S.K.: 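Quick one: the structure is below, questions incoming.
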Number of protein chains: 2
Amino acid sequence: MPTSENDSPPVYREIAEDVRAAIASGRLSDGDRVPGENDLMKQYGVARATARQALSVLINEGIVVAIRGSGVYVRAFRPLRRHGPRRLSRELWGAGRAIWQADSPGGSFETDSVEVAEVAAPAYVARALGLTDEAAVVRRHRRYRLEDRPMQLATSYLPAEFAAGTAIARPETGPGGIYARLAEQGRAPAHFTEEIRVRMPTPEETAALHLSAGTPVLDVLRTALTDDHTAVEFNEMTLDGSAYVLQYDFDA
Amino acid sequence: MPTSENDSPPVYREIAEDVRAAIASGRLSDGDRVPGENDLMKQYGVARATARQALSVLINEGIVVAIRGSGVYVRAFRPLRRHGPRRLSRELWGAGRAIWQADSPGGSFETDSVEVAEVAAPAYVARALGLTDEAAVVRRHRRYRLEDRPMQLATSYLPAEFAAGTAIARPETGPGGIYARLAEQGRAPAHFTEEIRVRMPTPEETAALHLSAGTPVLDVLRTALTDDHTAVEFNEMTLDGSAYVLQYDFDA
DNA sequence: CAGTGGTCTAGACCACCCT
DNA sequence: GGGTGGTCTAGACCACTGT
């Protein structure tokens, strides 16, 4: 007997679907309150746990947020735009071709909880930088905030060979940041490669980025190379997935 | 009184943390069975619902999968690599600099459930293509599979003005696909822009891509432009976040 | 202080996998 | 058939948000 499709979905899914439809249709929109546990219990005649389960589906989908003592609300998506290469951007913006509405950074990024240390390179970092395993590297960790909202975590690694003892190994790197310091050494980054993946955050990341449930993060791993393709920096970034749209422009 | 930090986390979080630590430490690795509901109830002396809640945390983090009637297992991450521009790739691969281990497509992609139709352009599509609202476009929807595993959904839009009545508007577009057909018309794509965001999937996407809980998706919105920056195609892709690593190479 | 969501217990029945 | 996860009920106490 073939798997029959006529068995109805569980109640909690149907409830979730009703609420989801109300949001998709625009009957409920950004910031609106959605029916809470007690509402759903009455409306559908179900137990508390079932109403909760329906809401937890929507929370884990990231389309609503629960606020203790207050209610459950429709969540908005208002990301920042992060550009890879900017070459074509202006032409495209001129034509109004950006798809997702995105805020432009009103204020500027603030840097937070900077930690600098000289450490032995983990295997994947050594590989990215073309170093031998456990080679000494300068590690710079920091958090970026925009108007008090944490947006991303970043950890840079640079070979200690040329980074140790320079401004690169100090919390304050001076005007232009580490790329300016690299340029002064004749190691200006000329080529970049970025690898991107998505995943759900760890509890530590959830805390550090103030993520609500159902928010994935983007891992962006960037390797910066000089003109002659020597790797000079490896940067491991973790971005709040609800806060960013990434844009890349390139030629065929 | 300031918010005190000394209140212990709920039991279910501590249980989840224990299991997570076992996975992170390597005591449990890809595909291993993790303690199930009954195990956790006994080990921690908690009720069924509490053990379930602990497991649901890990499931929604995407680090384990539950299989009905069998158990709960550690999940692996073995993605494919999707390249944007390929220019630098060879140099970097040569240096062994790829970070995430990724399979290369053993077989080739198969295309699935192709749907072609001529429709009125939604507002965001019209904007991307530089058309007036509701202008006629050819819409091509399909699913890509790799050895029976669905990997991504894609919907392309091309102005009906030059796409209608051509091979582009047929399910089978012939060798080289729609880009080859565009080139034959003197509209070869020369520039691309891609916007990437990340989110949790809709239930429809979960079904179409066979996603397990805790798997985010990547939305990739690509606009293809000719030499003179006329938009000729807008492609909306939804990728299984557990199946892909994206790579972009570019110059400063 | 009433209402909200967060945690937890102690049951129950079911569908499914595996042996 | 025994064990597994999936759904659901009917309670309880708590912490927090609002007025």
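Letters A, B, ... are given to chains in the order of the sequence lines, protein chains preceding strands, and every chain is numbered from 1. All figures in this text were calculated on a predicted structure; none of them were measured in a lab.
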S.K.: What is the distance, to the nearest angstrom, from the CG atom on B:Asp39 to the C1' atom on D:dG3?
M.R.: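 Distance, rounded to whole Å: 11 Å.
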S.K.: Could you give the CG-to-P distance, from A:Leu40 to D:dT7, as a whole number of Å?
M.R.: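 Interatomic distance, CG of A:Leu40 to P of D:dT7: 17 Å.
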S.K.: Ignoring backbone atoms, test whether A:Asn38 places a side-chain nitrogen or oxygen under 4.0 Å from the OP1 or OP2 oxygen of C:dG3.
M.R.: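 Negative; the distance criterion is not met.
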S.K.: Salt-bridged, B:Arg140 to B:Glu233, with N to O below 4.0 Å?
M.R.: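 Looking at B:Glu233 together with B:Arg140, the answer is no, because their closest N to O distance does not fall below 4.0 Å.
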S.K.: Taking 4.0 angstrom as the limit, do B:Asp240 and B:Arg149 come out as a salt bridge?
M.R.: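 Salt bridge: yes.
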S.K.: With a cut-off of under 6.0 Å to the ring centre and 45° to the axis, is A:Arg199 in cation-pi contact with B:Phe77?
M.R.: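 No, a cation-pi geometry is absent between A:Arg199 and B:Phe77.
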S.K.: With the threshold set at under 4.0 Å for non-hydrogen atoms, list the residues of residues 46-67 of chain A touching DNA chain D in residue-number order.
M.R.: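 Here the set is A:Val46, A:Ala47, A:Arg48, A:Ala49, A:Thr50, A:Gln53.
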S.K.: So if I take every side-chain heavy atom of B:Glu37 and compare against D:dT4, C:dC17, D:dG6, which nucleotide ends up nearest?
M.R.: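 For the B:Glu37 side chain, the nearest candidate turns out to be D:dG6.
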S.K.: From the options D:dT4, D:dC8, D:dT17, select the nucleotide whose nearest atom is closest to the side chain of A:Ser70.
M.R.: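 It is D:dT17.
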S.K.: May I have the distance from A:Arg68 (atom CZ) to C:dG3 (atom C1'), rounded to whole angstrom?
M.R.: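 Taking CZ of A:Arg68 and C1' of C:dG3, I get 14 Å after rounding.
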S.K.: In this structure, how many angstroms lie between the P atom of C:dC17 and the CZ atom of B:Arg33, rounded?
M.R.: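 In whole Å, C:dC17 P and B:Arg33 CZ are 15 Å from each other.
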S.K.: Going by the side chain to side chain donor-acceptor pair (under 3.5 Å) test, which pairs reach into residues 53-69 of chain A, not counting sequence neighbours?
M.R.: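 Every side chain to side chain donor-acceptor pair (under 3.5 Å) pair that includes a residue of residues 53-69 of chain A, provided the two are not neighbours, is A:Arg20-A:Glu61.
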S.K.: How long is the line joining OH of A:Tyr44 and P of D:dT7, in whole Å?
M.R.: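 Distance, rounded to whole Å: 17 Å.
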S.K.: Measure from OH on A:Tyr73 to P on C:dG5 and round the result to the nearest Å.
M.R.: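 Taking atom P of C:dG5 as the reference, OH of A:Tyr73 is at 8 Å.
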S.K.: In plain terms, say whether A:Arg222 and A:Glu195 are close enough for a salt bridge, that is, a side-chain N and a carboxylate O under 4.0 Å apart.
M.R.: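 A salt bridge is absent here (no side-chain N lies under 4.0 Å from a carboxylate O).
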S.K.: Between B:Asp39 and B:Lys42, does at least one N-O distance fall below 4.0 Å, as a salt bridge requires?
M.R.: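 No, no charged N to carboxylate O under 4.0 Å.
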